[in-house]
There are 2 protein chains.
Amino acid sequence: MDDVVAAIADPVRRQILDMLREGPLPARRIAEQFAVSRPAVSRHLRVLRESGLVRDVPTGRERLYHLDPGPLITLTTWIADLRDAGDRLAGWERRLDALTTEVYRARRDRRRTGTGTGTDTDIDIDIERRENTA
Amino acid sequence: MDDVVAAIADPVRRQILDMLREGPLPARRIAEQFAVSRPAVSRHLRVLRESGLVRDVPTGRERLYHLDPGPLITLTTWIADLRDAGDRLAGWERRLDALTTEVYRARRDRRRTGTGTGTDTDIDIDIERRENTA
DNA sequence: CGAAAGCGTAACCTGTGGGTTACGCTTTTG
DNA sequence: CAAAAGCGTAACCCACAGGTTACGCTTTCG
């Protein structure tokens with residue numbers, strides 16, 4: 001998956017993939033769309049090839065490149081998991097935001113009025129998390 | 001979207017996002033999970049912050065980071081479009097593969113038997129594409 | 001109030017990703 | 001068969017991402 005995301009990271013390579021959405025293209029066709037030199041594009045194509053996002057079919061003296069979005073599936077699922085977590089978190093994150101705001105107010109008050117006058121509620125936040133022994 | 005994919009590109013930053021899936025964490029907690037120095041992690045956090053994938057809530061002397069997978073949506077749709085194109089292409093790519101194979105056979109035969117003996121079918125492939133005046 | 005904790009930033013160093021030119025190989029063409 | 005077309009690779013260069021140490025600032029603690 002590291003290869004794939006690295007491949008996607010470059011704007012030129014992303015544009016190449018966009019280009020191939022409409023069908024296979026020989027290297028020359030791809031290269032002439034960019035301002036950069038042809039060897040540069042050739043190396044971009046190699047990166048895409050090695051990441052599996054693109055496959056080449058040598059055809060005579062040409063090399064036809066065609067798209068293969070298969071390897072992107074791992075990235076997609078990773079993102080999906082992240083999104084799910086985000087949604088799940090949304091609720092108690094809001095609650096946590098409220099809490100921190102509360103603490104702010106409490107502490108500011110405490111400082112302003114000197115050590116608590118007695119009516120001030122003292123809130124302790126203690127965020128426990130299992131040790132993520134990755 | 002360039003920011004987002006660049007942010008995702010680094011393995012450390014990806015792991016940070018994974019960490020935050022289970023809830024907000026102060027910078028220190030995040031940093032101590034990695035072999036790299038704390039300032040390094042701090043800069044990773046900045047990149048994530050500027051890409052919008054993470055938000056920080058200053059809480060006392062700590063800084064609570066929480067996940068925000070929102071910006072990933074653009075990347076997700078881009079990938080989806082790519083996949084759709086790939087699926088749509090699958091059919092006539094197979095046909096094209098068949099064609100190129102055919103051409104191979106034809107050309108090899110032609111070379112082997114000298115200039116076509118007459119029964120040899122000569123296949124011309126002419127892939128036309130609208131100029132993609134990006 | 002001084003010491004320590006928690007973070008971010010600045011300055012600096014290094015590996016590497018991406019660009020260019022030069023070159024070589026195979027396939028088509030005249 | 002020689003010339004040209006189409007690609008890939010090697011060697012080299014440079015900007016920059018990512019790492020480290022040193023430092024400064026704010027907040028908590030004794």
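Numbers restart at 1 for each chain; the letters A, B, ... are given by sequence-line order, proteins then strands.
The closest donor-acceptor contact from the side chain of R13(A) to the backbone of A7(A) lies under 3.5 Å. The main-chain N or O of P69(B) is found under 3.5 Å from a side-chain atom of R83(A) such that the two form a donor-acceptor pair.
Residue H44(B) places at least one side-chain N or O under 4.0 Å from the OP1 or OP2 atom of dG19(D). Under 4.0 angstrom from either OP1 or OP2 of dT20(C) there lies at least one side-chain N or O belonging to S37(A).
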Distances under 3.5 Å only, N/O to N/O: pair up the protein atoms with those of nucleotides 5-9 of chain C.
{"from": "dA5(C)", "atom 1": "O4'", "to": "R61(B)", "atom 2": "NH1", "distance (Å)": "3.0"}
{"from": "dA5(C)", "atom 1": "N3", "to": "R61(B)", "atom 2": "NH1", "distance (Å)": "3.4"}
{"from": "dG6(C)", "atom 1": "OP2", "to": "R28(B)", "atom 2": "NE", "distance (Å)": "3.3"}
{"from": "dC7(C)", "atom 1": "OP1", "to": "A27(B)", "atom 2": "N", "distance (Å)": "3.1"}
{"from": "dC7(C)", "atom 1": "OP1", "to": "R28(B)", "atom 2": "N", "distance (Å)": "3.4"}
{"from": "dC7(C)", "atom 1": "OP2", "to": "R28(B)", "atom 2": "N", "distance (Å)": "2.6"}
{"from": "dG8(C)", "atom 1": "OP1", "to": "Y65(B)", "atom 2": "OH", "distance (Å)": "2.4"}
{"from": "dG8(C)", "atom 1": "OP2", "to": "S42(B)", "atom 2": "OG", "distance (Å)": "3.1"}
{"from": "dG8(C)", "atom 1": "N7", "to": "R38(B)", "atom 2": "NH1", "distance (Å)": "3.2"}
{"from": "dG8(C)", "atom 1": "N7", "to": "R38(B)", "atom 2": "NH2", "distance (Å)": "3.4"}
{"from": "dG8(C)", "atom 1": "O6", "to": "R38(B)", "atom 2": "NH2", "distance (Å)": "2.9"}

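E50(A) has its CD atom 11 Å from the P atom of dG17(C), to the nearest Å. Between the CG atom of D10(A) and the P atom of dA17(D) there is a distance of 13 Å, given to the nearest Å. Regarding R13(B), its CZ atom lies at a distance of 13 Å from the C1' atom of dG19(D), rounded to whole Å.
Cluster annotation: V4(A) is not connected to V47(A) through the hydrophobic network of ILVMFWY side chains, with a link wherever side-chain heavy atoms come within less than 4.5 Å.
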**Request:** Mind running side chain to side chain contact (heavy atoms under 4.5 Å, CB included) on D56(B) and Y65(B) for me, showing each step along the way?
**Result:** CA-CA 4 Å; D56(B) 62 320; Y65(B) 282 89; 3.6 Å; yes

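Taken to the nearest 0.5 Å, the CZ atom of R14(B) stands 11.5 Å off from the CG atom of L82(A). With rounding to the nearest 0.5 angstrom, the OG atom of S42(B) is 10.0 Å from the CD1 atom of I30(B).
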